[in-house]
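To start, the structure under review is shown below, and the notes come after it.
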Amino acid sequence: MKFGRVLTAMVTPFDNNGKLDLKQTSVLIEYLLGNGTEGLVVAGTTGESPTMTTDEKNQLFKHVVKVVNKRVPVIAGTGNNHTSASIKLTKEAEACGVDAIMLVTPYYNKPSQHGMFEHFAAIAKETDLPVMLYNIPGRSVVNMTAETIINLSAIDNIVSVKEASGDLDQVSEIIEHTGDDFSVYSGDDSSTLPMLAVGADGVISVASHVIGNEMNTMVNHFLDGRINEAASMHRMLLPIMNGLFMAPNPSPVKAALQMKGIETGSVRLPLIRLTDEEMAKLKILIEG
């Protein structure tokens, strides 16, 4: 299943008291959809899901579904390291009307490959929604191997993977041994073009909050066979892509959005605001 080429891993707006800000969420959605975003991933890592309550996630899912109104796919982050809790949240997200769910590799408890297979299979069995896997060993400590992803792709509603392992050999193996209807997305902005080159479908992006149209243009240049133009844009955009990770995500991108006039509030502890020095560096990247 294809969800689009440039999807945004959306930040979660908070107000001055650190509460969920649905009004600014609406503003953010309209801004993103007007600037190159073809799908939204809600309550993922960039959305600060570890610090959000289940009630907040459900409020967010319902609100985003309502505001988007079927214009683009809405993918809800419902995975964690507790299988039964993931199943419960997945069912709640399905009731909220989301178009698909994203399930991150279980973190901290370090399951085996077989354990990961059983975890994802158990959740997929309990929903009719399309399932996107999310492999991010840098945060979850464990890498879901190509073999495990390929085996999971045989389950009817497991239709996609967000790959943030940074391993092009692994990505290539996944693409080679899964069906044409199984999509593979880059989970790292800077890997977008290299992953497209080996057959990936697109990117689930953080940088698209601030360079969404440019990311979209780069992807379309590549797909249209304008390889040199795509490569040139990749090199031009790379400092911004990397700069948005000068501090733990999503602190830099929330600051960058503020510089663009889109208020999404601060981050929740244990994340913190950028330092003055980091803000100055980011401003140079964003404003030139």
Side-chain angles (χ1 to χ4, degrees), residues 1-9 38-39 41 44-45 73 75 79 100 102-107 111-117 119-121 124 130-208 215-235 237-238 241-242 245:
M1 182 173 181
K2 315 301 181 184
F3 297 103
R5 296 293 184 180
V6 178
L7 286 69
T8 297
E38 300 172 344
V41 175
T45 307
I75 303 170
M102 185 178 72
L103 303 175
V104 69
T105 41
Y107 40 85
S112 66
Q113 294 300 313
H114 183 68
M116 277 189 275
F117 180 93
H119 168 81
F120 291 119
V131 174
M132 175 184 285
L133 307 172
Y134 181 16
N135 186 37
I136 182 162
R139 285 185 178 268
S140 64
V141 182
V142 289
N143 176 56
M144 183 162 48
T145 65
E147 181 181 12
T148 300
I149 294 169
I150 292 162
N151 289 338
L152 283 164
S153 75
I155 296 172
D156 286 345
N157 62 331
I158 296 183
V159 299
S160 185
V161 64
K162 177 184 177 183
E163 245 294 334
S165 67
D167 186 343
L168 281 178
D169 289 351
Q170 174 160 306
V171 170
S172 299
E173 187 177 351
I174 293 165
I175 294 169
E176 180 67 18
H177 296 286
T178 53
D180 291 341
D181 56 349
F182 187 85
S183 55
V184 177
Y185 289 89
S186 173
D188 296 306
D189 286 299
S190 61
S191 297
T192 303
L193 190 58
M195 281 185 58
L196 287 172
V198 298
D201 294 273
V203 59
I204 297 176
S205 174
V206 174
S208 57
M215 294 288 290
N216 213 300
T217 298
M218 180 186 73
V219 170
N220 284 314
H221 277 341
F222 178 84
L223 296 174
D224 291 340
R226 300 169 67 181
I227 307 303
N228 288 338
E229 289 95 331
S232 177
M233 287 205 72
H234 166 81
R235 295 190 300 270
L237 298 173
L238 192 60
M241 295 176 187
N242 290 335
F245 289 87

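For the single chain, residues carry numbers from 1 onward in sequence order.
Rounding to the nearest 0.5 Å gives a distance of 9.0 Å between OG1 of Thr217 and CG of Leu237. Interatomic distance, OH of Tyr134 versus CG of Leu103, reported as 12.5 Å (0.5 Å rounding). Taken from CG in Asp181 to NZ in Lys2, the straight-line distance is 7.0 Å, to the nearest 0.5 Å. Atom CD1 of Ile175 and atom CE of Met195 lie 6.0 Å apart (nearest 0.5 Å). Rounded to the nearest 0.5 Å, atoms OG1 (Thr178) and CG (Asn151) are 11.5 Å apart. To the nearest 0.5 Å, atom CD of residue Glu173 and atom CD of residue Gln170 are 7.5 Å apart.
Judged purely by atom type and a 3.5 angstrom limit, Ser160 uses its side chain to pair as donor or acceptor with the backbone of Ser183. The main-chain N or O of Pro137 is never found under 3.5 Å from a side-chain atom of Asn143 such that the two would form a donor-acceptor pair. The closest donor-acceptor contact from the side chain of Ser172 to the backbone of Leu168 lies under 3.5 Å. Checking side-chain atoms of Asp189 against main-chain N and O of Val206 turns up a donor-acceptor pair under 3.5 Å. With hydrogens and angles ignored, the 3.5 Å screen pairs no side-chain donor or acceptor of Asp201 with any backbone N or O of Tyr185. The backbone N or O of Ser191 sits nowhere less than 3.5 Å from a side-chain atom of Asp188 that would complete a donor-acceptor pair. Under the 3.5 Å distance criterion, the side-chain polar atoms of Ser232 are left unmatched by any main-chain donor or acceptor of Glu229.
Here the side chains of Phe3 and Val159 are in contact, with some heavy-atom distance below 4.5 Å.
Remark: the Gln113 side chain and the Glu147 side chain contain no N/O donor-acceptor pair separated by less than 3.5 Å.
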